[in-house]
Amino acid sequence: MLELHDGALNVPEILTRWYASESASNYGAYIPFVGTVRDEDGIEGLSFDVYEPILTSWFDAWSAKVAPLGATLKMAHSRGDVLVHESSYIAAVFSPKRRVALETIEQFVEDFKASAPIWKYDLRAGERLYARERSTAIAGAGLLGSEQ
Amino acid sequence: MLELHDGALNVPEILTRWYASESASNYGAYIPFVGTVRDEDGIEGLSFDVYEPILTSWFDAWSAKVAPLGATLKMAHSRGDVLVHESSYIAAVFSPKRRVALETIEQFVEDFKASAPIWKYDLRAGERLYARERSTAIAGAGLLGSEQ
Amino acid sequence: MVTIEFLGPIGRPILTMEASTLRDVAEALKQDAEMAQWIDSCAVAVNDTLVASLDTLLSDGDKISLLPPVCGG
Amino acid sequence: MVTIEFLGPIGRPILTMEASTLRDVAEALKQDAEMAQWIDSCAVAVNDTLVASLDTLLSDGDKISLLPPVCGG
């Protein structure tokens, strides 16, 4: 399940709802990863653009990849502004055993960082500034400029 | 922070309280690992003995080990009976950045499994049966039987 | 006609043009000074699927998306 | 006198004995048929610190704990 929220995430509500939703599924391990906006470099917060169609297919491909391991994924992300010390991202895995859950959460979060079509902006003095130096080109980027 | 609870853990309460307790600490990542009793082999539940003095020193040593990385650990565990689909274990890490949190939660949970002085029993037909075949001898075990 | 959308921080309105392959789109965008800073760092999707070849065939009504460097979380 | 406690599933009451090193404790427990099934799989703590040598010196009032195989979580 993938959910997008306007503004900061209600972390207790989401973690509790996901836990309850799988309470009868006989999973032995539940690992959420919660990402929170840090107060650094004087920013007031971050702001996010999300391109939902490709995010959805990326998420669905991940769900299909981990299904044979008996695992289930959930993810929530913010759209728009999220202030410092508020949370913008939760990824979670449920699985029967701990090893699959520990390995999956790491790979899922790292691939999210490298591939998910989400753009981050610093909020400073009311301005929204693309965090280009902290952004990662998606695998295969540069196609249009190539001499292929 | 290490907390022991009689019976099953109130997972929403604990995850929410820990999240709130670090909300102003400027951590960027929060990863809880939640362990839930699986319905398998016809058990009614599990039961746990905990030896608190050594568990506390094991936990304090881990906290000291991750402090230089800027990380904080929390753990909750059940004592006594926990029925199937209830949760008995939560370990959590907070850290400024995701890599430390992802690496720490894995190592902390694995060492917990190998070293924490907790004994597990299957609950079957009102009996409490030591899960010996699923248990792990602590590193250095066998000293008294050795010809050292 | 195909449409070209510029996602995230590129901040340009949707463009429409005639194109039979992605190579035609590349040629057009390379002439566009404003796009020079983006073209080498963008991934490309056709109808919301990422593609890896300039020979990708395009049909009337296809949607091409340019995805600049990402940073979710 | 030192005390010996048997943790978790061993299920024996606390024992007291005279011992100047852990080797004395080992000798005594090896004669105990009931302990045979546990002795090779138990870790040993003195005053709640795990120890690795039979030559560990013991003092009056020390607490020795036997920790059988664990399985938390």
Side-chain angles (χ1 to χ4, degrees), chain B residues 4 9 33-38 46-61 75-79 82 87-91 109-122 128-148, chain D residues 2-58 61-73:
Chain B
L4 297 173
L9 301 181
F33 175 105
V34 180
T36 298
V37 178
R38 300 192 69 219
L46 298 172
S47 190
F48 298 91
D49 287 343
V50 177
Y51 186 59
E52 192 166 352
I54 293 181
L55 182 63
T56 300
S57 37
W58 172 86
F59 181 81
D60 291 346
M75 195 179 111
H77 203 285
S78 296
R79 271 198 279 236
V82 181
S87 299
S88 53
Y89 172 51
I90 312 180
V109 167
E110 291 297 336
D111 189 51
F112 168 83
K113 284 281 174 183
S115 310
I118 299 179
W119 296 277
K120 179 181 282 180
Y121 304 81
D122 289 338
R128 196 172 186 257
L129 305 161
Y130 177 48
R132 180 159 199 166
E133 70 293 343
R134 307 203 298 283
S135 299
T136 306
I138 294 173
L143 177 63
L144 295 182
S146 72
E147 302 300 327
Q148 179 188 284
Chain D
V2 300
T3 61
I4 306 169
E5 61 176 14
F6 301 92
L7 297 175
I10 305 179
R12 289 192 56 167
I14 286 176
L15 205 71
T16 60
M17 65 175 283
E18 296 290 347
S20 58
T21 69
L22 213 49
R23 197 176 302 275
D24 299 334
V25 174
E27 291 313 316
L29 293 179
K30 277 184 193 169
Q31 327 251 316
D32 181 336
E34 241 186 282
M35 284 307 296
Q37 60 163 318
W38 293 107
I39 214 158
D40 290 328
S41 61
C42 280
V44 183
V46 175
N47 299 329
D48 295 329
T49 299
L50 292 169
V51 294
S53 167
L54 287 179
D55 297 320
T56 303
L57 294 174
L58 300 177
D62 278 353
K63 178 178 71 170
I64 293 107
S65 307
L66 268 66
L67 295 90
V70 297
C71 189

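Here is the naming used below: chain letters follow the sequence lines, and residue numbers restart at 1 for every chain.
Only the side chain of D/S65 comes within less than 4.5 Å of a heavy atom of chain B; its backbone N, CA, C and O stay farther away. For B/T136, the parts lying near chain D are the backbone and the side chain together; criterion is any non-hydrogen pair under 4.5 Å. Using a 4.5 Å cut-off between heavy atoms, D/L54 contacts chain B through both its backbone and its side chain. With a threshold of 4.5 angstrom between heavy atoms, B/A114 approaches chain D through N, CA, C or O but not through any side-chain atom. Within the 4.5 angstrom heavy-atom criterion, no atom of B/S87 approaches chain D. Only the side chain of B/R132 comes within contact range of chain D, with at least one heavy atom under 4.5 Å from a heavy atom of that chain. Interface remark: B/A116 contributes backbone atoms only to the contact with chain D (heavy atom separation under 4.5 Å). For B/Y121, the part lying under 4.5 angstrom from a heavy atom of chain D is the side chain only.
By the 4.5 Å heavy-atom criterion applied to side chains, B/D122 and B/R134 are counted as neighbours. D/D62 is listed as a side-chain neighbour of D/V2, based on a closest heavy-atom distance under 4.5 Å.
Top candidate by heavy-atom pairs under 4.5 Å with chain B, chosen from D/C42, D/A45, D/P9, D/G8, is D/P9. Most heavy-atom pairs under 4.5 Å with chain B, from the set D/V44, D/I39, D/D48: that is D/D48. Among the candidates D/A26, D/A43, D/A52, D/P68, the residue making the largest number of heavy-atom pairs closer than 4.5 Å to chain B is D/P68.
Taking CG from B/L4 and CZ from B/R79, the interatomic distance works out to 4.5 Å, rounded to the nearest 0.5 Å. With values rounded to the nearest 0.5 angstrom, D/N47 atom CG is found 7.5 Å from D/I64 atom CD1. Atoms CH2 and CZ, from B/W58 and B/F112 in turn, are 6.5 Å apart once rounded to the nearest 0.5 Å.
Under the side chain to side chain contact (heavy atoms under 4.5 Å, CB included) rule, D/V46 has a single partner from D/V25, D/L57, D/L58, which is D/L58.
Checked against the 6.0 Å centroid threshold, B/F48 and B/Y89 do not count as a close aromatic pair. Ring centers of B/F59 and B/H77: at least 6.0 Å apart, outside the cut-off.
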